[in-house]
> 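Below is the structure I would like to discuss, written out as structure tokens.
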Number of protein chains: 2
Amino acid sequence: MKYSQATDYALHAMLYLVASAPDKPVGVQQLAEKLGVSPTYLSKLMTKLVKAGLIVSTPGANGGYRLRKAQDEISFLHVIQAIEGTASLLECSLDHGDECLIQQVVLDAERQMEQLLASKKLVDVARRLPATD
Amino acid sequence: MKYSQATDYALHAMLYLVASAPDKPVGVQQLAEKLGVSPTYLSKLMTKLVKAGLIVSTPGANGGYRLRKAQDEISFLHVIQAIEGTASLLECSLDHGDECLIQQVVLDAERQMEQLLASKKLVDVARRLPATD
DNA sequence: GCTATTATAGATACATAAAGTCCTTAATGG
DNA sequence: CCATTAAGGACTTTATGTATCTATAATAGC
Ligand code: SF4
Ligand code: SF4
């Protein structure tokens, strides 16, 4: 089990936005070049981030993406869930009700992880980032 | 992102073994019937659990699987990692070294989750399990 | 209004992994 | 020796992720 590569792209794209000037939108063209991924594909991921409310997009000349919230309000969890969704790791087809302890255990564990991911903000790592080539 | 269904099968199979008499091996035929999955497929999963050291198998007449350790030593994490492996959720192809804070954050989060999964033993939920039909 | 620019969205193709089956081999108990 | 049961390889099918192409819509600047 692994995060999709899309999550990796999204994280790097967001970190790039965090490191950029907050007023100037960054185009998908420019982002894709930095990340080494196709612009059309990255575009779809960016749209997910838009719908998740993390960034805003402006079409047209000099358009692109910019952060919606303040840097220090955006956590790893926000980005990851925007791409991966919020479904539980363990979802069984049979539904034995809320009493199912198996799902409860996994859910508790997920909460633990999410708690840490929510506490880590993008800006925390943006400064000391290795060269993003 | 989700655990594979194989993990679900493995958890239920292990819980069944925990609930069974510890001296009598349980055959894959019987297990598969309980879980509603094909015996040959389940067999492959059980083999993974064997290789992970969670259970032992005895071929031949009256053979099958039985727990290797004591009930209360087997955690959710053991079973999950036996199936899903131990790779990190975020593995990027580029390797910017140990200093990569992105991977570090995700790794920390995983550790949090694993810590809880390791503390939860199968026997904790085996007793109060809904009917496994 | 016209044009260049840029995001959005649908359809489609491709690659990879998961899920499941079939058949053969090996080991054990009686 | 024989019935039984796990292990393993090869294979098919299905699902998901990855990626591309094309068309559409919205915006800025002239
Ligand atoms: S016990 Fe829980 S995990 Fe297992 S089949 Fe029932 S609802 Fe699903
Ligand atoms: S910064 Fe970390 S996650 Fe990003 S490409 Fe480098 S090693 Fe990978």
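Residue numbering restarts at 1 for every chain, and letters A, B, ... go by the order of the sequence lines.
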> Answer with yes or no whether the side chains of Thr7(A) and Glu84(A) bring together a donor and an acceptor at under 3.5 Å.
yes
> With rounding to the nearest 0.5 angstrom, report the CD1 to CG distance, Ile55(A) to Leu49(A).
4.5 Å
> Rounded to the Å, how far apart are Lys48(B) NZ and dG8(D) P?
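Distance, rounded to whole Å: 12 Å.
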> Calculate the interatomic distance between Lys2(A) atom NZ and dA15(C) atom P; express it in whole Å.
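Roughly 19 Å, once rounded to whole Å.
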> Taking OP1 and OP2 of dA6(D), is either one under 4.0 Å from a side-chain nitrogen or oxygen of Thr47(B)?
no
> Exactly one of Glu110(A), Glu114(A), Gln115(A) should register a side chain to side chain contact (heavy atoms under 4.5 Å, CB included) with Gln112(A). Which one does?
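With Gln112(A) as partner, Glu110(A), Glu114(A), Gln115(A) yield a single side chain to side chain contact (heavy atoms under 4.5 Å, CB included), made by Gln115(A).
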> Under a plain distance cut-off of 3.5 Å, with no hydrogens placed, do Tyr3(B) and Glu91(A) share a side-chain donor-acceptor pair?
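No, no side-chain donor-acceptor contact under 3.5 Å.
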> Whole Å only: how far is the CD1 atom of Ile55(B) from the C1' atom of dA7(D)?
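Rounding to the nearest Å, CD1 of Ile55(B) and C1' of dA7(D) are 12 Å apart.
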> List the protein contact pattern of nucleotides 20-30 of chain C with one symbol per nucleotide (5' to 3'): B for base contact, S for sugar-phosphate-only contact, - for none; contact means a heavy-atom distance under 4.0 Å.
BB-----BBS-
> Can you tell me the distance, in whole Å, between the CZ atom of Arg68(B) and the P atom of dA6(D)?
18 Å
> Quick check on dG8(D): is either OP1 or OP2 less than 4.0 Å from any side-chain nitrogen or oxygen of Lys51(B)?
yes
> How many whole angstroms separate atom CD of Glu91(A) from atom C1' of dA15(D)?
16 Å
> For Ser4(B) and Ser57(A), take the nucleotide of DNA chain C holding the closest heavy atom to each; which residue's nucleotide lies nearer the 5' end?
Ser57(A)
> Report the distance from atom CZ of Arg66(A) to atom C1' of dA7(C), rounded to the nearest whole Å.
14 Å
> Take the protein atom CG of Leu42(A) and the nucleotide atom P of dT20(D), then report the distance between them rounded to whole Å.
11 Å
> Rounded to the Å, how far apart are Met1(B) CE and dA17(C) P?
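Whole-Å distance recorded here is 17 Å.
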> What's the spacing between Lys48(A) NZ and Lys51(A) NZ if we round to 0.5 Å?
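Interatomic distance, Lys48(A) NZ to Lys51(A) NZ, rounded to 0.5 Å: 9.5 Å.
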> List the steps and the verdict of side chain to side chain contact (heavy atoms under 4.5 Å, CB included) for Val56(A) and Tyr65(A).
CA-CA 6 Å; Val56(A) 290; Tyr65(A) 303 97; over 6 Å; no
> How far apart are the closest heavy atoms of Asp23(A) and Arg66(A), and which atoms are they?
O-CD, 4.5 Å
